[in-house]
Amino acid sequence: MREIVIDKSFLDGAPRSQVGELFSTHKALIIESLFFELMTTDVKSKVRCFSKLPEQPHSFALIPNIGAFLRFELEHRKPCLPLHDRRIEGAYIFNLRLRDETYAPEGQVLADLQEWQSQVATDARAFLERCQAVHEFFPQLIGIEFRDFPAAVAAARSSLASDVSLVRNIYASLRAESPLPETLEPELLGPEWAWFRWVQCHLLAALRIFGRYQCRVPESPTPRILRNAEHSMHDIEYVLAASLAGAIATRDAEVEEDFRLLCPYGHVVRPSRSDG
């Protein structure tokens with residue numbers, strides 16, 4: 001069966017019957033960060049999503065966060081594919097109260113959520129800094145007429161998605177500044193590597209933000225801008241995993257746009273209108 005990454009927008013928007021059918025006809029991959037995202041969303045959305053997940057054990061594979069893929073590739077010096085082989089072993093049984101409005105995290109679960117939220121906030125600020133500096137990799141975006149700017153951003157995003165040498169060169173630049181004790185040779189990397197996709201997905205998202213703010217990404221972001229940056233971080237995780245799997249279930253237009261740039265022949269499943 002084909003692997004497919006499930007994102008929150010699909011789980012929230014698809015009818016229960018479609019979710020059940022998708023999980024039965026595909027190797028459904030749920031990245032670990034989806035559960036953290038569900039645990040911090042509004043209660044009604046959380047209940048709606050958890051109530052659609054199949055109750056049968058082993059009905060999907062729980063996939064660790066992208067950092068685990070990157071560490072695997074550094075350690076083994078080979079791509080992390082297939083993602084199903086990187087799954088967290090075990091049968092996943094969720095607290096039944098997640099399907100109604102009575103569940104409240106406590107103890108270790110609460111501590112883990114608080115730690116995760118703190119890390120996401122830190123990552124969001126780092127992402128915005130990357131957005132501010134993304135033109136360093138695309139100098140053609142600077143000093144052009146405003147009327148030409150949207151097309152130039154679109155062209156930069158397209159080249160990032162299709163030009164292997166460009167991605168390798170950007171990775172080499174990042175590698176030179178990396179605090180990691182070990183990195184990979186740029187010439188090793190290609191679309192089957194998580195590190196390659198990491199560069200693509202982060203910079204695709206950064207270029208979108210850079211274009212949205214017309215070169216002037218705020219240096220002192222408001223809470224709203226930070227929330228949007230956190231949402232972008234979640235989307236990056238989905239797109240990255242999906243670009244490695246070759247398929248995604250989503251109703252998010254920006255997630256689909258980036259996935260299709262990276263995987264023109266990839267498989268996309270959108271929510272159907274109703275159970276009827």
Side-chain angles (χ1 to χ4, degrees), residues 7-9 31 33 36-37 40 65-67 69-70 116-163 166-180 186 189 194-243 250 252-262:
D7 82 354
K8 179 180 178 292
S9 71
I31 57 176
S33 58
F36 288 108
E37 188 179 5
T40 56
N65 289 337
I66 302 304
F69 302 162
L70 303 179
W116 175 78
Q117 287 176 299
S118 176
Q119 185 61 54
V120 168
T122 299
D123 290 345
R125 289 186 177 277
F127 171 67
L128 286 173
E129 291 176 4
R130 193 174 300 119
C131 295
Q132 294 162 3
V134 70
H135 62 278
E136 295 175 6
F137 300 114
F138 303 95
Q140 68 269 30
L141 297 178
I142 304 303
I144 62 176
E145 296 289 337
F146 175 74
R147 66 176 180 272
D148 299 325
F149 184 67
V153 170
R157 280 168 47 84
S158 179
S159 64
L160 182 65
S162 59
D163 189 336
L166 173 63
V167 178
R168 287 174 176 167
N169 289 338
I170 293 174
Y171 174 81
S173 298
L174 297 172
R175 177 188 183 214
E177 303 171 1
S178 173
L180 293 173
L189 303 184
W195 277 103
F196 188 91
R197 295 304 196 181
W198 188 95
V199 172
Q200 287 183 308
C201 292
H202 278 79
L203 294 192
L204 279 177
L207 283 168
R208 175 182 284 111
I209 300 299
F210 188 76
R212 183 172 296 158
Y213 287 99
Q214 301 171 9
C215 309
R216 296 183 292 274
V217 180
E219 294 186 4
S220 300
T222 63
R224 179 175 176 272
I225 291 173
L226 285 173
R227 284 195 302 273
N228 289 340
E230 290 180 7
H231 179 74
S232 293
M233 296 301 297
H234 297 316
D235 288 351
I236 287 170
E237 293 262 329
Y238 294 129
V239 175
L240 200 161
S243 69
T250 184
D252 188 300
E254 292 183 352
V255 167
E256 180 176 349
E257 179 183 33
D258 286 0
F259 173 74
R260 288 194 180 280
L261 275 173
L262 298 176

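Keep in mind it's a predicted model, so treat the numbers as computed, not measured. Positions are given from 1, in the same order as the sequence printed here.
Here the closest heavy-atom approach between residue Pro186 and residue Arg175 is recorded as CD-NH1, 3.4 Å. Residues Leu261 and Ser158 approach most closely at CD2-CA, 4.5 Å, considering heavy atoms. Residues Phe210 and Cys131 come closest through the heavy atom pair CD1-O, 3.3 Å. Here the closest heavy-atom approach between residue Ile209 and residue Ser232 is recorded as CD1-OG, 4.2 Å.
In this structure, Ser33 has no side chain to side chain donor-acceptor pair (under 3.5 Å) partners at least two apart in sequence or on a different chain. Every residue two or more places apart in sequence or in another chain was checked for a side-chain contact (heavy atoms from CB on, under 4.5 Å) with Asn169, and none qualifies. For Tyr238, the side chain to side chain donor-acceptor pair (under 3.5 Å) partners at least two apart in sequence or on another chain are Glu37. The ring pair (Phe, Tyr, Trp, His ring centres under 6.0 Å) test applied to Trp116 returns Phe36, His234, not counting sequence neighbours. Shown here are the side-chain contact (heavy atoms from CB on, under 4.5 Å) partners of Ala205, two or more places apart in sequence or in another chain: Phe127, Ile236.
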For residues 252-260, please give each side-chain donor-acceptor pair under 3.5 Å, one per line with the distance, not counting sequence neighbours.
{"unit_1": "Asp252", "atom_1": "OD1", "unit_2": "Glu254", "atom_2": "N", "d": "2.9"}
{"unit_1": "Asp252", "atom_1": "OD1", "unit_2": "Val255", "atom_2": "N", "d": "3.0"}
{"unit_1": "Glu254", "atom_1": "OE2", "unit_2": "Arg212", "atom_2": "NH2", "d": "2.7"}
{"unit_1": "Glu256", "atom_1": "OE1", "unit_2": "Arg270", "atom_2": "NE", "d": "3.2"}
{"unit_1": "Glu256", "atom_1": "OE2", "unit_2": "Arg260", "atom_2": "NE", "d": "2.8"}
{"unit_1": "Glu256", "atom_1": "OE2", "unit_2": "Arg260", "atom_2": "NH2", "d": "3.2"}
{"unit_1": "Glu256", "atom_1": "OE2", "unit_2": "Arg270", "atom_2": "NE", "d": "3.4"}
{"unit_1": "Glu256", "atom_1": "OE2", "unit_2": "Arg270", "atom_2": "NH2", "d": "2.8"}
{"unit_1": "Glu257", "atom_1": "OE1", "unit_2": "Arg208", "atom_2": "NH2", "d": "2.8"}
{"unit_1": "Asp258", "atom_1": "OD1", "unit_2": "Arg157", "atom_2": "NH1", "d": "3.3"}
{"unit_1": "Asp258", "atom_1": "OD1", "unit_2": "Arg157", "atom_2": "NH2", "d": "2.7"}
{"unit_1": "Asp258", "atom_1": "OD1", "unit_2": "Arg208", "atom_2": "NH2", "d": "2.8"}
{"unit_1": "Asp258", "atom_1": "OD2", "unit_2": "Arg208", "atom_2": "NH1", "d": "3.0"}

Pairs of donor and acceptor atoms involving the side chains of residues 133-156, under 3.5 Å and at least two apart or interchain, shall be tabulated with distances.
{"unit_1": "His135", "atom_1": "ND1", "unit_2": "Gln132", "atom_2": "O", "d": "3.2"}

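Among residue pairs with one or both ends in residues 223-239, none qualify as salt bridge (charged side-chain N to carboxylate O under 4.0 Å, His left out); sequence neighbours excluded. A salt bridge (charged side-chain N to carboxylate O under 4.0 Å, His left out) check over residues 117-134, counting only residues at least two apart or in different chains, returns nothing.
In this structure, Trp195 contributes its side chain and Leu70 its backbone to a donor-acceptor pair below 3.5 Å. A donor-acceptor pair under 3.5 Å links the side-chain atoms of Asp7 to the main chain of Ser9, judged by distance alone.
Going from atom CG of Leu262 over to atom SG of Cys201 covers 5.0 Å, rounded to the nearest 0.5 Å. For the atom pair CG of Leu160 and CG of Leu203, the computed distance is 5.5 Å after rounding to the nearest 0.5 Å. The distance from atom OG of Ser243 to atom CH2 of Trp198, rounded to the nearest 0.5 Å, is 13.5 Å. To the nearest 0.5 Å, atoms CG (Leu226) and CG (Leu128) are separated by 6.0 Å.
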Give the intermediate values and the outcome of side-chain contact (heavy atoms from CB on, under 4.5 Å) for residues Val120 and Thr40. CA-CA 12 Å; Val120 168; Thr40 56; over 6 Å; no
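Annotation: side chain of Ile31 is not in contact with side chain of Phe69 (no heavy-atom distance under 4.5 Å).
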